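When reading the values below, keep in mind they use all heavy atoms of this one structure, side chains included, and skip hydrogens, waters and symmetry mates. Labels below follow one simple rule: chain letters A, B, ... track the order of the sequence lines, proteins then strands, and each chain is numbered from 1. All values reported here derive from a predicted model rather than from experimental measurement.
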Amino acid sequence: MYAARLQSVTRSYQRGTAPAVHALRGVSFGIPAGQYLAIMGPSGCGKSTLMNLLGCLDRPTSGTYELHGQQVAELDDTELSRVRGRQIGFVFQSFNLIPQLTIRENVEVPLFYQGVPAAARRARAEAALRSVGLETRLTHLPSELSGGQMQRTAIARAIVTDPAILMADEPCGNLDSAASAGILALFEQLHASGRTLIMVTHDEGIAKRCQRVLRLRDGRVESDSLPGVSHAA
Amino acid sequence: MLLDFFRLSLNNLWRHRARSLLTALGIIIGVAAVVCMAGYGEGSKRAEIASIQALGARNILLTSVKPPLSSVTPDGNEPSKASRIAAYGLTDLDVLRILTPEVGPIERAVPMQRVGSFVYCGPLQFPQAQAWGTLPELPQVTPITLERGRFLCDTDGRMLKNVAVLGDALAAQLFPLQDPLGGCFEIDGQSFSVVGVLSADSRAAGEPTHFAAYLPLETARARFGRARMDPNTDTGDQVEVERLIVRVPENADPSEVTGRIRRVVDYAHAASKDVDIRVPMELIRQKEHARRIFTVLMVLIAGLSLLVGGIGIMNIMLASVVERTREIGVRRALGATRRQIGAQFLIETTTLSGIGGVLGVALGLLGCGIITWLSGKVGWLNPAIPEPVPVLVSFAVSTGVGILFGMYPALRAAAQDPVVALRHD
């Protein structure tokens, strides 16, 4: 069973009269549920575009994208927002915490948009923060935390809605090696608990720890390998 | 959900409280100005109407006015004594014409005739005193109440009795050490005895009666004649009826009766213009009309100031949308719909302007309190009376301005593409 499946997906950008930019030129692959996948490739290869499509932030120009059996192209903007909120958790390179909110309030944000009552939001946010080891930092502001702690907060925010898919865009790009190791350990733990993980990375070392590595070049899949089969659960 | 958005807005506004306060300042000042102006307008209106109502809402006041007089006759000679006496004003004939049934329903018409030049009590002269001949019905057309004794009666006039009713201050001056009732004093050599004293708040034709002495009209005419000399200029006035207070019945319109009276009076006085007709009811209506114009102007000015305040808020909110573009992107990625993002900004703007409205009302009420306090200290200021309607309207308008001017920034925020917004620095 596929968590996500792309078939001949293209994405072009047309700005004014300039010639169209083809960021993706026909990409087809499937991601089985529970897989730990790394997407690699040089800059400009279409990684970000692919991540935006997979994360339902954007829709393909042509081709089909099926998420848990649902055709994403058929969804309108509001439904896409719902899908993002309930089925996908995002972790960004630059953490993207809301600076004026406390750690707990940041983790509550996705629940807020699902209409979860305040008391339940609070309890679930605290549980998520406990699972990433930040239960003592609930009322701190993001600026009072280290990079590793901020990324842990972002992970707590991504898993608080209990999504099936976690998407991480260079999650260790702004972290030192010690913090990176902690974050990767956390990812492996989440993967072990059955979540599908999709990670964009530049780091071959990180990629090696994944079950599957997808390499992109010029908007096409260049290679699709399974180096970390030993890791398969 | 709405409550959650509201709490989120309060949270956001509180984190930037200095900026929020400055943003709302336009609204605060606008609302406070409206509340103060409306309060002062209301207070002024009440003070004016109170002073007009002292004239009597059902009254028509006719006053003889002295036309301009040259001291030198056309032939260049010193004017003779006869020509130094100016004859003008209402006549008994005019009064008779006014009282004909064709003029319309008149409940009562009471003349007042200024008489005498010098008021003495023993060797002391009282220059402030004013002696008037009038009818016993005067208290029925003007708010006169007795402190002691009685007012004039029909018999006083018929018997040409030398009796007088005094204003409170004049009574106290004439008879500082004895009971004024039964006391005697002199007007131009004629002796009068006091039969009544008026209360301090009495008013005749809108004027206080403190220094008035009221005599029976018939007595006054018999003793003093119709001409009254001014001892300083050696000129005199000959007026048959100096003032006429006409009261119309309750069911009649004073303006209609006034129109007919004016026509009757103009028959004899159109050229000389020596009769002034005042209708308190019309003055009240004029005041109310002027007040309505004032209100419209005020609403326009208030609307302008709120407009300026609203533009200020919109400006800051637009800047805030740009500043928080990335936050918008993050919220969209985490599941917020366009509608939810728009609602958040709209509610934030509305909350800001609503709080501005509350602060403005509070400031305005404080201003009204200060004006009222000052009006007790200085005479030329009226108290400011805040009415609930303008207060509520200005608050509602300020909140409405927030919704109106919050709309555009909210749409801008909602229109952000999440992919682009997430890349924004």
Side-chain angles (χ1 to χ4, degrees), chain A residues 11 13 15 23 48-53 55-59 75-102 105-119 121 141-142 154 157-161 163 167 169, chain B residues 1-20 316-317 319-348 351-352 410-425:
Chain A
R11 182 70 176 97
Y13 298 98
R15 285 273 154 77
S48 299
T49 307
L50 184 58
M51 281 300 264
N52 289 340
L53 286 174
C56 295
L57 288 163
D58 200 1
R59 270 173 289 199
L75 301 177
D76 67 17
D77 191 79
T78 306
E79 289 165 329
L80 273 183
S81 303
R82 297 251 160 77
V83 167
R84 286 197 295 269
R86 287 163 200 274
Q87 301 188 20
I88 297 169
F90 285 96
V91 178
F92 303 94
Q93 180 177 6
S94 50
F95 324 133
N96 274 341
L97 300 176
I98 298 171
Q100 68 266 31
L101 301 183
T102 64
E105 287 166 335
N106 262 290
V107 177
E108 283 181 31
V109 168
L111 300 174
F112 178 84
Y113 291 111
Q114 289 180 21
V116 178
R121 286 208 302 264
L141 290 174
R157 183 176 66 183
I159 61 174
V160 73
T161 57
M167 313 213 32
D169 190 353
Chain B
M1 196 71 186
L2 204 67
L3 199 70
D4 281 332
F5 275 123
F6 182 63
R7 208 174 298 142
L8 188 67
S9 302
L10 283 180
N11 203 345
N12 258 329
L13 295 172
W14 182 247
R15 301 220 197 233
H16 298 118
R17 45 196 171 274
R19 183 209 280 184
S20 302
I316 298 291
M317 289 312 287
S320 172
V321 168
V322 173
E323 185 190 281
R324 286 155 70 183
T325 298
R326 202 185 178 95
E327 179 190 327
I328 293 168
V330 173
R331 287 179 182 275
R332 296 283 334 253
L334 299 178
T337 60
R338 283 184 196 283
R339 193 182 282 270
Q340 284 169 327
I341 294 292
Q344 185 188 329
F345 275 89
L346 187 58
I347 289 172
E348 192 167 319
T351 304
L352 183 62
L411 287 174
R412 285 280 291 264
Q416 302 273 2
D417 181 343
V419 173
V420 178
L422 272 171
R423 273 206 302 265
H424 191 271
D425 293 315

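Salt bridge A:D77/B:R332: present, at least one basic N to carboxylate O contact under 4.0 Å. Using a cutoff of 4.0 Å between basic side-chain nitrogens and carboxylate oxygens, A:E108 and B:R331 are not scored as salt-bridged. Comment: B:R338 does not engage A:D76 in a salt bridge, judged by the lack of any side-chain N to carboxylate O separation of less than 4.0 angstrom.
No donor-acceptor pair closer than 3.5 Å links the side chain of A:R84 to the backbone N or O of B:L334. A donor-acceptor contact shorter than 3.5 Å links the side chain of B:Q340 to the backbone of A:Y113.
More than 12 heavy atoms of other residues, nucleotides or ligands sit less than 6.0 Å from atom CZ of B:R17. Heavy-atom neighbours of B:R326 CZ from other residues, nucleotides or ligands within 6.0 Å: above the threshold of 12.
Of all heavy-atom pairs spanning B:A336 and A:S81, the tightest one is O-OG, 3.4 Å.
Contact of A:N52 with chain B is made through the side chain alone, with heavy-atom distances under 4.5 Å. For a residue to count as touching a neighbouring chain, one of its non-hydrogen atoms must lie under 4.5 Å from one of that chain's; by this rule B:L8 touches chain A with the side chain only. For chain A, the nearby part of B:R324 is the side chain; its heavy atoms alone come within less than 4.5 Å. Residue contact with chain B, scored on non-hydrogen atoms closer than 4.5 Å, involves the side chain of A:I98 exclusively.
Taking the six-membered ring for Trp and thresholds of 30 and 60 degrees, A:F112 and B:F5 have ring planes more than 60 degrees apart, a perpendicular arrangement.
Put simply, CG on A:L101 and CG on B:N11 are 6.5 Å apart, with the number rounded to the nearest 0.5 Å. Here the CD atom belonging to A:Q100 is positioned 6.0 Å from the NE2 atom belonging to B:H16, to the nearest 0.5 angstrom.
Residue with the most contacts toward chain B among A:R157, A:Q114, A:E105: A:R157 (heavy-atom pairs, distance under 4.5 Å).
Side-chain polar atoms of B:R423 and A:S48 form no donor-acceptor pair below 3.5 angstrom.
Residues A:F90 and B:V330 fail the side-chain proximity criterion, which asks for heavy atoms closer than 4.5 Å. No side-chain heavy atom of A:T78 sits under 4.5 Å from any side-chain heavy atom of B:R339.
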